[in-house]
Amino acid sequence: MAHQNWKNTALLVMDMQNDFIADDGLARLDGGKAILPSIIKAVEIARQRGIRIVWVVREHDPSGTDVELFRRHRYSNGRVGPVIKGSRGAALVDGLEIKQGDYKVAKTRFSAFYATPLHSFLQDAGVDSLVITGIQTPNCIRQTAFDAIAYDYRSVTVIVDATAAVTPEVHSANVYDMKKVKIATPTLEEWSVEAEADA
């Protein structure tokens with residue numbers, strides 16, 4: 001049974017897909033594979049604590065018509081672009097698995113909230129606190145965290161060593177900005193100790 005302190009919390013796992021993480025991914029992000037063990041551990045802790053798990057993924061039409069304008073060239077003239085719906089590239093990277101009771105959200109923009117049912121799902125589930133993991137910090141992580149602030153979630157946490165950007169410097173700069181708006185930025189160890197203490 002979920003502890004009182006965690007029943008209103010959801011763990012968001014962002015964009016941990018083959019095209020972004022695997023060595024042969026079409027849009028591989030340096031640093032993405034390095035955080036995979038931390039993501040796996042965060043999911044394990046969430047399951048133990050009864051925290052809801054939300055898998056947030058990018059999925060695009062093969063034509064690229066649902067992609068941001070600045071990316072559409074990657075899908076034009078017969079090119080196979082990243083994270084095409086149903087492709088191996090759009091699947092979760094090895095080591096991560098959606099299980100019964102989890103929730104999956106497919107998005108086409110940086111934020112997990114933009115043009116998705118995420119906010120409605122979380123409201124219906126009584127979730128008022130979010131813990132965010134995945135890639136990448138200046139885009140999907142930051143935009144989702146700032147949108148959560150705009151939606152007045154009571155607590156927004158970004159686990160700093162379970163998120164990554166193209167360089168450590170970019171990651172750190174964005175973490176600094178998020179701290180300025182009172183987004184919590186613990187390490188996985190710090191967060192896991194908190195979870196353990198409240199169990």
Side-chain angles (χ1 to χ4, degrees), residues 6 8-21 25 27 29 31-32 35-36 38-40 42-43 45-47 51-61 66-68 70-71 82-86 89-93 96-99 101-166 170-171 174-175 177-178 181-186 188 191:
W6 296 109
N8 298 328
T9 300
L11 174 72
L12 273 57
V13 183
M14 307 276 298
D15 296 345
M16 294 298 290
Q17 297 161 266
N18 285 318
D19 270 344
F20 300 133
I21 306 298
L29 175 77
I35 65 167
L36 181 57
S38 293
I39 301 284
I40 292 171
V43 170
I45 292 167
R47 293 199 193 286
I51 296 170
R52 294 177 186 275
I53 299 172
V54 179
W55 302 92
V56 183
V57 298
R58 268 212 184 232
E59 291 182 352
H60 290 299
D61 186 88
D66 58 355
V67 180
E68 298 98 332
F70 76 91
R71 297 182 197 263
V83 291
I84 298 298
K85 186 174 182 179
L92 291 176
V93 70
L96 298 177
E97 178 185 4
I98 299 174
K99 294 188 177 181
D102 296 350
Y103 186 67
K104 176 185 171 183
V105 174
K107 63 185 176 68
T108 60
R109 294 296 187 269
F110 294 139
S111 176
F113 290 102
Y114 180 82
T116 77
L118 178 61
H119 184 55
S120 294
F121 166 77
L122 294 173
Q123 283 188 309
D124 289 347
V127 170
D128 63 8
S129 299
L130 301 181
V131 180
I132 303 173
T133 63
I135 58 169
Q136 70 163 317
T137 316
N139 298 344
C140 301
I141 302 301
R142 178 183 175 129
Q143 189 67 54
T144 298
F146 273 73
D147 280 356
I149 294 292
Y151 276 121
D152 290 329
Y153 282 84
R154 182 178 59 81
S155 171
V156 181
T157 298
V158 172
I159 301 179
V160 292
D161 52 353
T163 48
V166 67
V170 170
H171 177 69
N174 282 274
V175 168
D177 285 346
M178 288 188 281
V181 294
K182 306 304 182 186
I183 293 169
T185 57
L188 177 62
W191 182 72

Residues which pass side-chain hydrogen bond (donor to acceptor under 3.5 Å, both in side chains) with [X], listed by chain and number, not counting sequence neighbours:
X	answer
R71	E68
K104	E59
D102	R47, W55

For [X], check side chain to side chain contact (heavy atoms under 4.5 Å, CB included) against everything at least two apart and list the hits.
X	value
D15	Q17, F20, R58, K107, I135, C140
D128	N8, R154
V170	P138, A165, V166, T167, N174
A91	N18

Trace of the side chain to side chain contact (heavy atoms under 4.5 Å, CB included) decision for L92 with E97: CA-CA 7 Å; L92 291 176; E97 178 185 4; 5.9 Å; no
Stepwise side chain to side chain contact (heavy atoms under 4.5 Å, CB included) test for H60 and T108: CA-CA 7 Å; H60 290 299; T108 60; 3.8 Å; yes
Could you check whether any side-chain heavy atom of [X] comes within less than 4.5 Å of a side-chain heavy atom of [Y], counting everything from C-beta outward?
X	Y	result
M16	I35	yes
T137	M178	yes
V13	V43	yes

Search all heavy atoms of [X] against all heavy atoms of [Y] and return the closest pair with its distance.
X	Y	answer
A90	I84	CB-O, 3.3 Å
I141	T133	CD1-O, 3.7 Å
L11	A42	CD2-O, 3.7 Å
A145	I183	CB-CD1, 3.7 Å
G134	I39	N-CD1, 3.5 Å
T9	V127	C-CG1, 4.2 Å

Give, for atom [atom1] of [X] and atom [atom2] of [Y], the distance between the pair rounded to the nearest 0.5 Å.
X	Y	atom1	atom2	value
Q136	H171	CD	NE2	11.0 Å
T144	L118	OG1	CG	8.0 Å
I53	I45	CD1	CD1	11.0 Å

With distance as the sole test, does D19 use its side chain to make a donor-acceptor pair with the main-chain N or O of V83 at under 3.5 Å?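 Checked: pair present.
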Would you give me the side-chain donor-acceptor pairs under 3.5 Å for residues 157-164, sequence neighbours excluded?
from: D161; atom 1: OD1; to: L188; atom 2: N; distance (Å): 2.7
from: T163; atom 1: OG1; to: I159; atom 2: O; distance (Å): 2.9
from: T163; atom 1: OG1; to: V160; atom 2: O; distance (Å): 3.3

Sequence neighbours excluded, which residues qualify as ring pair (Phe, Tyr, Trp, His ring centres under 6.0 Å) partners of F113?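 With neighbours one apart ignored, the set is Y151, Y153.
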Output every pair passing salt bridge (charged side-chain N to carboxylate O under 4.0 Å, His left out) with a member in residues 117-126, not counting sequence neighbours, ordered by first then second residue. none
Salt bridge (charged side-chain N to carboxylate O under 4.0 Å, His left out): which pairs involve residues 130-153, sequence neighbours left out?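 Found R142-D177.
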Given side chain to side chain contact (heavy atoms under 4.5 Å, CB included), test F121 with V105 step by step and report yes or no. CA-CA 10 Å; F121 166 77; V105 174; over 6 Å; no
